[in-house]
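Here is how names work: the chains are called A, B, and so on, in the same order as the sequence lines, proteins then strands, and each is numbered from 1.
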There are 2 protein chains.
Amino acid sequence: MATMKDIAKIAGVSLGTVSHVLNGSAGVREPVRRRVLDAVRSTGYQPSQLARGLRRVQTNVIGMIIPDITNPFFPAVVRGAEDQAFSHGYRLILCNTDNDHSKELAHLNELRTYLPAGLIVIPSTFSDLTTQAKSYREVGTGVVCIDRLPKDWGGDTVTANNQKGAYKATQHLIQLGHTQLATISGPLHLTNARERLNGFKQAVKEARLQIASEYIQESTFDKQGGVTKAELLLRLIPRPTAIFAGNDMIALGVLAAIRDAGLRCPEDVSVFGFDDLELAETTNPSLSSVSQSGYHLGSTAANILLERIQGYMGPAKHIVLETSLKLRDSVAPPAPHLPIRRATAGKHRPAPG
Amino acid sequence: MATMKDIAKIAGVSLGTVSHVLNGSAGVREPVRRRVLDAVRSTGYQPSQLARGLRRVQTNVIGMIIPDITNPFFPAVVRGAEDQAFSHGYRLILCNTDNDHSKELAHLNELRTYLPAGLIVIPSTFSDLTTQAKSYREVGTGVVCIDRLPKDWGGDTVTANNQKGAYKATQHLIQLGHTQLATISGPLHLTNARERLNGFKQAVKEARLQIASEYIQESTFDKQGGVTKAELLLRLIPRPTAIFAGNDMIALGVLAAIRDAGLRCPEDVSVFGFDDLELAETTNPSLSSVSQSGYHLGSTAANILLERIQGYMGPAKHIVLETSLKLRDSVAPPAPHLPIRRATAGKHRPAPG
DNA sequence: TTGTAAGCGTTATCAT
DNA sequence: ATGATAACGCTTACAA
């Protein structure tokens, strides 16, 4: 592989001059400039990012730490970040934490030795990111936190408007005539899960509906959790006529549980998801969902980082991306032939099965 | 950030000694060793991967080049590679090419300047990887090619047994009684698409069925392609009673087209996919598919790389992963009340719509 | 405008 | 067994 020394020799100039034309760090006379550039082209020379980074105390890599690329919501986030980073000359080192904060810590510690230009992090459960990020910022490396936030996080953030999204979805169910609502939230130690639950509660409250506590369940953000909690909800009397799921994976589980209970969606129970994953339109029935753009989440984060890299020293930015409702077949008005009474009215039809 | 110099000073030894205890590159007396290790722990020292890589002419990063992380088959591949790499001390730099060979080339050229320990590549369409990889191998960097192969590729490979998988799926359809088969393959310039088509043809031939050429369609590997080609197939007379799709995304499109044509799956048309994506079990009806493990594909590739890194100089390895059939609701025997005649027998029921 | 040389944090060679 | 030192490929004062 050709090095700068080779270029210097071929072009008949010094090392410094080559560097100057490559970085525009000093004026170089046109004929000399041309000779250098010709040598670069003829050899296919590419500067060693390693040597450059070591010297500049900053590489062109951006570290990206996420829980699990296999989770269907994250690839779009990664892609958004990569596109934005790539088009500005930065590359991505990808790390999965499996929501394990010790694995996150290990990544954080090692990543630093690559002198990355910045970090984009979807914090793991019980993340200690706040402490760690301090040592990054001390050396001027930006860290932006996305999707969900660790305790006491003071830095840049990009998140979806989870509360409003959940609020709008719940409101929609209520407007359809549902009064017997239920929800299965994600793990409540995650900020996004909490915000979504808050949105649900807000809509319920505004509509002056009474929701007994059994109708609010907490789950992991996956299908199995959705199945388990939905089975529970479907056995309640009166049975909920609409379930708002904390994300689409939970909603998938709800759909399965409804089918397994011999019920129909949306005729017996409406289901609303969150994320609007690709699979939402291929489920049976297709899933109504609160749509958020993972791609935009990632690209916005990369953008903030680029601003920081270019010297922005202002206060932390907190960007909140709006969501929209994607209405599909999994929601419908409650069955009209069943008079809905207050939850306190007790049984009004036998439990299924 | 603490450097080796700091450790040396704290432990009261020379730089070389610190390096020796850290790398075990020479015997160091226990008390000295202990002093160094203590200094490392107390400072939280981590060696600069940049400096180390520059000196060793090899970093602990593995470059991974894929078409698009957003394609639902690839995240598992990346995860498999990452897990295997990570547990051996290697990190992943992820690059998306969008199947654009010039973007692939750019990544290939720049990645080299990071002195990666190896490369895992899912080649883009019309990839020139074969040429590029040569320059990597010259400096001893392994390149393993997975999923599909570029022209004249001579290096290590990990692929699924595409032909056999497609063969088994088609055979299964035939055993159910289908004789009016059709297929929508992926782009035939991709080796995996070609192999799957070959498997389909092999099964057809063995069963001595006649398939007119209109029943074999080529598509892109996505849903829209599946819709378009399926619409075409469903208008043929006689209409195929079973469609083998080149992958699950195409199959998704086929499912949609069947529904839009007012037909039912599997009653009117059976559908078989390939890949067994997660979404295969949530479609309506759930999708039968040839299951291949993306995770295994990635981890096997990383393994080969690790062997090469550890000095294996033997001939190129060609690992072929077996597939299995995942049978779900989208396939059934052909409708019994319709006597099946030879394709050459002409119309035997009016075209739909 | 161009050249010289120090130094980034390691590893590896060679003394001691 | 340990220490001194050159070198990896580049950037950046500073000198010319």
*Sequence neighbours excluded, which residues qualify as side-chain contact (heavy atoms from CB on, under 4.5 Å) partners of Pro72(B)?*
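Partners of Pro72(B) under the side-chain contact (heavy atoms from CB on, under 4.5 Å) test: Met249(B), Leu277(B).
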
_Tell me whether Arg112(A) forms a cation-pi arrangement with Tyr136(A), defined as NZ or CZ under 6.0 Å from the six-membered ring centre and within 45 degrees of its axis._
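Ring-cation test returns yes.
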
*Are Lys317(A) and Tyr312(A) in a cation-pi setup, meaning NZ or CZ lies under 6.0 angstrom from the ring centre and within 45 degrees of the ring axis?*
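Geometry flag: set, cation within 6.0 Å and 45°.
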
Report, one pair per line, the protein and nucleotides 5-7 of chain D atoms (nitrogen or oxygen only) whose separation is under 3.5 Å.
{"unit_1": "dA7(D)", "atom_1": "N3", "unit_2": "Arg55(B)", "atom_2": "NH1", "d": "3.0"}

Among side-chain atoms of [X] and [Y], is any donor-acceptor pair under 3.5 angstrom?
| X | Y | result |
| --- | --- | --- |
| Asn303(A) | Gln84(A) | yes |
| Thr131(B) | Asp128(B) | yes |
| Asn60(A) | Glu110(B) | yes |
| Asn99(A) | Thr125(A) | yes |
| Ser124(B) | His101(B) | no |
| Glu104(B) | Ser127(B) | yes |

*Which part of the nucleic acid does Val57(A) contact within heavy-atom distance under 4.0 Å: base, sugar-phosphate only, or nothing?*
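Touches nothing.
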
*Assign Ser19(A) to base, sugar-phosphate, or nothing according to its heavy-atom contacts below 4.0 angstrom with the strands shown.*
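The answer is base, as Ser19(A) lies within the cut-off (heavy atoms under 4.0 Å) of a base atom.
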
*On DNA chain C, reading 5' to 3', which nucleotide is the first and which the last to sit with an atom under 4.0 Å from a heavy atom of chain A, could you check?*
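Using the under 4.0 Å cut-off, the span is dT1(C) to dG9(C).
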
*Which of the following nucleotides, dG9(D), dA4(D), dT11(D), is nearest to the side chain of Arg56(A)?*
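That would be dT11(D).
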
Do the side chains of [Y] and [X] get nearer than 4.5 Å, heavy atoms only?
| X | Y | value |
| --- | --- | --- |
| Asp156(A) | Val143(A) | no |
| Val121(A) | Ile146(A) | no |
| Cys95(B) | Leu111(B) | yes |
| Leu50(B) | Tyr114(B) | no |

*Nearest nucleotide by nearest heavy atom, which residue falls closer to the 5' end of DNA chain C, His20(B) or Ser48(B)?*
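Nearest nucleotide further toward 5': that of Ser48(B).
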
_Let me spell it out: for each of Arg33(A) and Arg52(B), pick the nucleotide of DNA chain C with the closest heavy atom. Which residue's pick is nearer the 5' end?_
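It is Arg33(A) whose nearest nucleotide is closer to the 5' end.
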
*Rounded to the Å, how far apart are Leu22(A) CG and dC10(D) C1'?*
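Those two atoms, CG and C1', are 10 Å apart.
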
*Is the shortest distance from a Lys or Arg side-chain nitrogen in Arg79(A) or Asp98(B) to a carboxylate oxygen in the other one below 4.0 Å?*
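Judged by the 4.0 Å cut-off on N to carboxylate O distance, Arg79(A) and Asp98(B) do form a salt bridge.
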
*Among residues 2-10 of chain B, which contact DNA chain C at a heavy-atom distance under 4.0 Å?*
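Under 4.0 Å from DNA chain C: Thr3(B), Met4(B).
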
*Enumerate the residues from residues 35-46 of chain A whose closest heavy atom to DNA chain C is under 4.0 Å, giving them by residue number; use none for an empty result.*
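Per residue number, the list is empty: none.
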
_I need the single residue from Thr59(B), Val61(B), Ile62(B), Leu305(B) that forms a side chain to side chain contact (heavy atoms under 4.5 Å, CB included) with Tyr90(B). Which is it?_
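That would be Ile62(B).
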
_Nearest-nucleotide 5' precedence on DNA chain D, Ala51(B) against Asn23(A)_ =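 That would be Ala51(B).
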
*Identify the two heavy atoms, one from Leu129(B) and one from Cys145(B), that lie closest to each other, and give their separation to 0.1 Å.*
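Where Leu129(B) meets Cys145(B) most closely, the heavy atoms are CD2-SG, 3.7 Å.
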
*To 10°, what angle do the rotation axes through the five end pairs on each side of the helix from dT1(C)-dA16(D) to dT16(C)-dA1(D) form?*
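The angle, to the nearest 10 degrees, is 50°.
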
